[in-house]
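Input: a single structure, listed below in structure tokens.
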Amino acid sequence: MDVRLVMFKENGDRREFPISGSSVVIGRLDECGIRIPLPEVSRRHVSISVTAKRVVVKDLGSANGTYVNNRRVTEDSLQAGDHLVVGPVVFTVQIDGQPDDIRPVKTRLRRRQASRAEAMADSGVKDSSDMFGLDEADEDDPISALEALASSADQTAIDPYDEEDED
């Protein structure tokens, strides 16, 4: 079974996260298969398990909860087209290519200096370029830089901070 989590950045760019193997953990820790370094996301927030016939999401005791189609869940089966919300990130579940046409559901994040500072402190880094493995030139689009880094590692990281939306 081919399972992917699809998210859209604020600018509309699509990002896919294939679930390889039988399970993946999403959270803030470096060890998580999909890393979301935000304080709204627990260190080990949620796991997704894939068998030949089912995809199961299980909240791992997260502080802010895990939601499937706007309903808080502790454990649930995922279907193609479901929306999985982890902290402020919205994923659309794609199973075996279905749905084939995914409507953008944008993850809307407002940059908050305090939140970023908290996430960096939790990670033990001094600045965001250490946290996200970026140099100053990459600060304008950290997700693209992380995609390049993630392609060479087993871990996928999401840096949802976009510098362009400074309201």
Side-chain angles (χ1 to χ4, degrees), residues 3-10 13-50 55-68 70-76 78 82-93 105-135 138-166:
V3 179
R4 297 173 184 273
L5 300 179
V6 179
M7 70 168 279
F8 290 87
K9 292 174 26 179
E10 284 188 14
D13 287 348
R14 178 180 168 142
R15 182 78 186 347
E16 291 185 15
F17 300 90
I19 306 299
S20 56
S22 61
S23 69
V24 67
V25 173
I26 301 171
R28 244 183 21 234
L29 289 176
D30 288 338
E31 299 82 39
C32 292
I34 299 175
R35 184 168 178 260
I36 306 173
L38 292 172
E40 298 92 349
V41 176
S42 293
R43 289 175 179 92
R44 292 176 41 86
H45 196 103
V46 65
S47 70
I48 298 176
S49 301
V50 179
V55 180
V56 176
V57 62
K58 182 177 181 182
D59 186 87
L60 300 174
S62 67
N64 292 321
T66 300
Y67 294 81
V68 175
N70 296 321
R71 184 175 47 90
R72 190 171 184 156
V73 299
T74 54
E75 185 170 328
D76 201 6
L78 293 173
D82 282 349
H83 290 123
L84 172 65
V85 180
V86 178
V89 180
V90 180
F91 295 104
T92 300
V93 178
V105 178
K106 294 180 184 176
T107 297
R108 179 133 175 92
L109 300 165
R110 300 219 180 257
R111 180 181 169 151
R112 295 188 313 255
Q113 293 293 15
S115 296
R116 193 172 213 183
E118 269 182 54
M120 289 187 307
D122 283 351
S123 299
V125 296
K126 293 177 248 170
D127 65 35
S128 62
S129 32
D130 287 343
M131 180 177 190
F132 303 120
L134 308 174
D135 59 30
D138 293 327
E139 281 291 320
D140 289 336
D141 190 6
I143 292 179
S144 295
L146 282 165
E147 287 170 347
L149 290 172
S151 67
S152 64
D154 291 333
Q155 162 184 307
T156 303
I158 301 171
D159 177 11
Y161 295 107
D162 283 321
E163 303 291 326
E164 62 198 17
D165 188 25
E166 295 280 335

For Arg43 and Leu29, indicate whether the former's side chain and the latter's backbone hold a donor-acceptor pair under 3.5 Å.
no
Are Leu5 and Val93 packed together at the side-chain level, in the sense that at least one heavy-atom pair is separated by less than 4.5 angstrom?
yes
Could you please spell out the steps behind the side-chain contact (heavy atoms from CB on, under 4.5 Å) verdict for Ile48 and Leu84?
CA-CA 11 Å; Ile48 298 176; Leu84 172 65; 3.8 Å; yes
Is the backbone N or O of Arg28 less than 3.5 Å from a side-chain atom of Arg35, with the two atoms forming a donor-acceptor pair by type?
yes
Main-chain N/O of Glu40 paired to Asn64 side chain as donor or acceptor, under 3.5 Å
yes
Residue list, side chain to side chain contact (heavy atoms under 4.5 Å, CB included) with Arg72, at least two apart or on another chain:
Tyr67
Rounding to 0.5 Å, atoms CZ (Phe17) and CD1 (Ile36) come to a distance of 7.5 Å
Nearest 0.5 angstrom please: Arg15 CZ to Phe91 CZ, how far?
9.5 Å
Taken in chain and number order and not counting sequence neighbours, the residues that satisfy side chain to side chain contact (heavy atoms under 4.5 Å, CB included) with Ser42 are His45, Ser62, Ala63
Less than 3.5 Å apart, which donor and acceptor atoms pair up between the side chains of residues 19-26 and the rest of the protein, not counting sequence neighbours?
none

In chain order, what residues pass the side-chain hydrogen bond (donor to acceptor under 3.5 Å, both in side chains) check against Ser47, with sequence neighbours excluded?
none
What are the two closest heavy atoms between Val46 and Leu60, and how far apart are they?
C-CD1, 3.8 Å
Those residues at least two apart in sequence (or on a different chain) that pass salt bridge (Lys or Arg N to Asp or Glu O under 4.0 Å) with Asp76 are Arg71
What one should report as the nearest heavy-atom pair of Thr92 and His83 is OG1-CD2, 3.2 Å
Met7 side, atom CE; Asp13 side, atom CG - distance, nearest 0.5 Å:
10.0 Å
Nearest non-hydrogen partners of Val41 and Gly87, listed with the distance:
CG2-CA, 4.1 Å
